[in-house]
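Letters A, B, ... mirror the listed sequences (proteins, then strands); counts begin at 1.
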There are 2 protein chains.
Amino acid sequence: MSAQVPTLKEIAKRLNISVSAVSRALHNHPSIGLRTSARVHQLAAELNYEPNQVALSFKRSKTSMIGVILPNLNHDFFASIVSAIEDVAYRKNYTLLLGQSRDEEDREKRLVESMKSHRVDGVLVSIAKNTANYAHFDLLKKMNIPVVFFDRIPRMPDIHYIASELESGMEAAVRFLVKKKHRNIGMINGPDSLLASKERLEGYMHALQKLRIKIDLSSVVSSNLSREGNQQAMQEILDMKRRPTAIITFNDYVAMDAIKYAKKAGIKINEDISFVSFANEPICNYMDHPPMASVEQFPYQQGEKATELLLQLLEGDEKTRTSNNFHKILLPPQLVIHEAQA
Amino acid sequence: MSAQVPTLKEIAKRLNISVSAVSRALHNHPSIGLRTSARVHQLAAELNYEPNQVALSFKRSKTSMIGVILPNLNHDFFASIVSAIEDVAYRKNYTLLLGQSRDEEDREKRLVESMKSHRVDGVLVSIAKNTANYAHFDLLKKMNIPVVFFDRIPRMPDIHYIASELESGMEAAVRFLVKKKHRNIGMINGPDSLLASKERLEGYMHALQKLRIKIDLSSVVSSNLSREGNQQAMQEILDMKRRPTAIITFNDYVAMDAIKYAKKAGIKINEDISFVSFANEPICNYMDHPPMASVEQFPYQQGEKATELLLQLLEGDEKTRTSNNFHKILLPPQLVIHEAQA
DNA sequence: CTGTTAGCGCCTTCAC
DNA sequence: GTGAAGGCGCTAACAG
């Protein structure tokens with residue numbers, strides 16, 4: 001006999017008044033009698049009445065839920081982004097429906113389906129590394145569900161997104177190494193399918209070009225970002241006849257795998273080969289041999305901006321939402337130099 | 001003029017049949033004519049019709065959403081748990097409503113409120129480190145929303161939970177160190193408010209007692225688990241007149257802070273002072289001086305079990321849900337010895 | 001001041 | 001085989 005979840009109807013019945021009177025009383029509608037109002041409020045409190053958000057969502061066709069789809073949570077980078085999203089969303093009374101694609105296009109698709117059928121008000125997405133088909137995102141548009149992409153952006157026209165200005169981050173990385181007298185700078189990039197890989201490569205080439213250093217694309221290798229892929233990439237570099245004296249890696253995890261692997265091969269980190277990476281993950285602080293520097297991408301700020309943009313789209317009128325004014329925000333990253341370890 | 005989201009009504013109107021006919025057709029109800037059924041299916045596909053999950057939730061008073069409340073996502077431990085929850089939930093078509101308490105009781109409370117009003121079908125919770133008042137969880141019970149706690153369990157009677165058998169994990173840690181000839185084993189524990197701290201301490205004492213080693217509680221210090229707290233705790237240990245030769249830490253993050261701090265103080269890790277910790281976070285693999293061993297707590301399995309239990313409660317009948325049969329599952333942890341680093 | 005009504009999308013019972 | 005009606009909880013327009 002567990003007490004049923006209280007409803008307006010229940011309160012109305014007990015008080016012998018109409019449902020709408022109860023509703024109005026609880027909303028402190030001016031036209032409700034003081035006595036009635038008080039009685040309603042009291043009983044509501046007694047019963048722990050709480051508006052049924054599902055009914056409200058249904059009625060208003062607005063769920064106050066934001067869908068978040070990202071590759072995974074195991075990197076501090078994404079965890080920070082989620083924190084930011086949550087913080088901003090929460091202030092505006094939105095809740096998070098979360099899903100990890102695990103970098104699988106199928107899962108990503110299913111997640112989009114799920115979010116769509118749950119009628120989230122908007123979606124924040126960082127795409128899976130191999131997603132090539134973007135039809136599932138178009139469906140969201142058709143449903144009038146705004147989408148803001150962050151960090152990993154699809155190569156689609158007409159989208160809103162927030163990401164790091166990777167090219168300039170890369171240029172800073174290259175400049176840093178060149179200033180340290182490196183002239184043969186290798187790179188472990190991510191998979192070609194990611195826009196982010198392309199941008200890094202372009203930054204790399206531009207920077208070298210500007211500095212009038214010969215570009216040797218044979219010292220650029222790709223990894224699929226798995227541990228094995230990273231190790232293999234490092235091996236490729238070690239095998240080069242003209243081995244680079246510095247390596248820029250796609251991110252800190254790649255750097256960590258590469259560094260560990262290189263160490264085993266007898267390389268002195270940041271002496272024989274210097275490393276610079278992206279993301280500036282907090283764990284770098286715990287390594288004895290972290291990369292010399294890492295390009296900080298400010299995930300929290302990225303998450304904030306993305307959410308703010310999405311909420312703005314949500315709260316704007318139909319015009320705003322469906323206009324052809326697409327926001328493409330690039331945040332400047334910042335090269336952070338790690339203090340030498342003891 | 002963006003196409004409105006299609007509904008049964010819309011399809012019915014276009015086909016000049018009734019809403020219920022459409023509904024039945026889409027569910028392949030046998031009593032619907034073949035022709036009609038085909039026409040309905042076709043139009044539905046054309047319009048990208050998709051049942052409105054909100055309406056369904058409303059009607060069925062079941063949202064197919066599971067609430068997940070945990071302190072944060074920045075530890076791989078919790079990220080893995082979320083992955084497990086998501087995997088299990090997804091198989092049964094449940095979606096995740098996620099919130100981080102950031103170890104603040106207030107936020108935790110607000111999250112519970114939010115989940116409650118969104119009428120999640122059930123909730124998985126790992127409590128904030130300072131949560132002392134559990135009234136908000138009682139409210140869930142009153143709403144007939146089952147709760148399963150994981151990892152961080154409140155000191156409440158009559159709850160379902162899954163956690164690691166920390167005592168035995170701690171005993172394994174102590175035995176390991178004693179076998180390595182340590183007789184003066186210190187400990188950096190977590191805050192007293194956590195049950196997990198209490199259990200570690202008990203395991204510590206039991207183990208020493210069994211091994212007939214004198215217990216010296218002055219070599220046990222507490223940290224609030226912040227970086228500063230961890231450093232301070234390490235300092236306290238370094239200051240001891242009878243400085244321990246080994247330290248067991250609350251988890252790997254504490255260990256990492258302590259190790260880094262000790263290194264700066266000139267301590268040789270795992271020589272002057274040996275470390276053993278809990279959680280066995282993957283980043284240990286990247287450290288030059290990880291703790292000698294870490295108590296693996298199998299977060300993924302914990303998440304799986306917790307979710308399976310919750311779903312079982314959800315799918316059971318009212319009897320199951322409200323019975324006084326509370327599941328208290330303890331998973332045996334396992335001491336993992338880290339290979340010596342190169 | 002308060003009650004009645006209608007409707008959001010869907011399913012289900014009952015009627016034809 | 002198909003349609004009509006009712007109801008899940010809530011709000012808002014319209015009547016009194």
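Looking at the side chain of A:Ile17, the nearest of the listed nucleotides D:dG3, C:dG3, D:dT11 is C:dG3. Ranking D:dC8, C:dC10, D:dC10 by closeness to the B:Ala55 side chain, first place goes to C:dC10. Distance from the side chain of A:Thr7 is smallest to D:dG9 among D:dT11, C:dT2, D:dG9. Side chain of B:Thr36, nearest nucleotide from C:dC8, D:dT2, C:dT4: D:dT2. Checking C:dC8, D:dT11, C:dC10 against the side-chain heavy atoms of B:Lys9 singles out C:dC8 as nearest.
Between A:Asp121 and A:Thr63, the side chains place a donor N or O and an acceptor N or O closer than 3.5 Å (distance only, hydrogens not considered). Donor-acceptor pairing under 3.5 Å is lacking for the side chains of B:Arg110 and B:Ser101. For the residue pair A:Glu108 and A:Thr131, a side-chain donor N or O sits within less than 3.5 Å of a side-chain acceptor on the partner. Side-chain contact, B:Glu46 with B:Gln42: a donor N or O sits under 3.5 Å from an acceptor N or O.
Computed from coordinates, the B:Glu50 CD to C:dG9 P distance equals 15 Å when rounded to whole Å. Between B:Arg39 atom CZ and D:dT2 atom C1' there is a gap of 13 Å when expressed in whole angstrom units. When rounded to the nearest whole Å, the span between CD of A:Glu10 and C1' of D:dC8 equals 15 Å. Taking atom NZ on B:Lys59 and atom P on D:dG9, their separation rounds to 10 Å, with Å as the unit. One atom, CZ of A:Phe58, and another, C1' of D:dG7, lie 11 Å apart when rounded to the nearest Å. Put simply, CG on B:Asn28 is 15 Å from C1' on D:dG1, counting in whole angstrom units. Between A:Lys13 atom NZ and D:dG9 atom C1' there is a gap of 14 Å when expressed in whole angstrom units. In this entry the distance linking CG of A:Asn52 with C1' of C:dC8 reads 14 Å, nearest Å.
Rounded to the nearest 0.5 angstrom, A:Glu104 CD and A:Lys109 NZ are separated by 12.5 Å. To the nearest 0.5 Å, atom CG of residue A:Asn52 and atom OG of residue B:Ser61 are 8.0 Å apart.
Comparing the end axes of the helix from C:dC1-D:dG16 to C:dC16-D:dG1, each fitted to five base pairs by superposing C1' atoms of four pairs onto the next four, gives an inter-axis angle of 60° (nearest 10 degrees).
The side-chain contact (heavy atoms from CB on, under 4.5 Å) test with B:Pro146 singles out one residue from B:Leu124, B:Leu310, B:Leu140, and that residue is B:Leu310.
Dashed line: the shortest gap from a side-chain N or O of A:Ser23 to OP1 or OP2 of D:dC10 is not under 4.0 Å.
In the displayed structure, B:Lys328 atom NZ is contacted under 6.0 Å by more than 12 heavy atoms of other residues, nucleotides or ligands. By the 6.0 Å contact criterion, NZ on A:Lys129 is enclosed, its count of non-hydrogen atoms from other residues, nucleotides or ligands being greater than 12.
If B:Val22 and A:His27 are placed on DNA chain D by their nearest nucleotide, the residue sitting closer to the 5' end is B:Val22. Residue whose closest nucleotide on DNA chain C sits further toward the 5' end, between A:Leu34 and A:Val19: A:Leu34.
Aromatic rings from B:Phe326 and B:Tyr161 are positioned such that their centres are separated by 6.0 Å or more.
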Each nucleotide N or O in nucleotides 13-15 of chain D that has a protein N or O under 3.5 Å away: list the pair and distance.
unit_1: D:dA13; atom_1: N6; unit_2: A:Arg24; atom_2: NH1; d: 3.3

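Note on B:Ser31: a base of the nucleic acid sits closer than 4.0 angstrom, heavy atoms only.
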